[in-house]
Amino acid sequence: GEEHGTWLAEQNAASPHAFAFAFALSGDPAGAVGHLRLESTGSATGELALPEFFNALHQRSPLFRDVAPGLRLTLTWR
């Protein structure tokens, strides 16, 4: 959006690509198109860039990532 191509992108604090997305989370599996899970791990490292997460949603690709120290995100599709 607004910071596309500006100084924040040069500082790696914004994406050089404009994108937007929304999705709904629910504990009820009825009608679900995928499964998102965040779990504790013993990993010392991890990161996930927002464009990578957006691409996984947009392309309905599975994602298995240590997203922060001690946290793993799993995204699967039905």
Side-chain angles (χ1 to χ4, degrees):
E2 184 178 27
E3 298 302 337
H4 174 73
T6 65
W7 67 276
L8 283 177
E10 294 169 5
Q11 303 300 316
N12 291 324
S15 174
H17 307 284
F19 59 87
F21 65 90
F23 62 99
L25 298 175
S26 172
D28 183 4
V33 296
H35 183 258
L36 184 67
R37 180 179 183 154
L38 186 63
E39 58 189 329
S40 296
T41 67
S43 65
T45 62
E47 68 177 47
L48 176 65
L50 191 55
E52 181 182 358
F53 185 63
F54 169 78
N55 287 335
L57 293 174
H58 179 69
Q59 298 167 3
R60 291 199 175 181
S61 301
L63 186 64
F64 305 94
R65 251 348 207 118
D66 292 334
V67 296
L71 291 175
R72 179 178 245 334
L73 182 76
T74 303
L75 173 63
T76 55
W77 301 95
R78 294 182 178 192

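Considering every non-hydrogen atom in both A56 and L75, the closest pair reads CB-CD2, 4.0 Å. When all heavy atoms of G46 and P69 are compared, the closest pair comes out as O-CD, 4.1 Å. Smallest separation of non-hydrogen atoms from D66 and S43: OD2-CB, 3.6 Å. Between S26 and D28 the shortest heavy-atom distance is OG-N, 3.0 Å.
T74 meets the side chain to side chain contact (heavy atoms under 4.5 Å, CB included) test with R37, E39, F64, R72, T76; sequence neighbours excluded. Scanning for side chain to side chain contact (heavy atoms under 4.5 Å, CB included) contacts around L48 gives E52, F53, L63, R65, V67, L73, with sequence neighbours left out. When the side chain to side chain contact (heavy atoms under 4.5 Å, CB included) test is applied to Q59, the partners found at least two apart in sequence or on another chain are N55, S61. Partners of H58 according to the ring-ring contact (aromatic ring centres under 6.0 Å, His included) rule, which considers only residues two or more places apart in sequence or in another chain, are F54.
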Task: CA sep, side-chain torsions, deciding dist, call: L25, L36, side chain to side chain contact (heavy atoms under 4.5 Å, CB included) - done: CA-CA 8 Å; L25 298 175; L36 184 67; 3.8 Å; yes

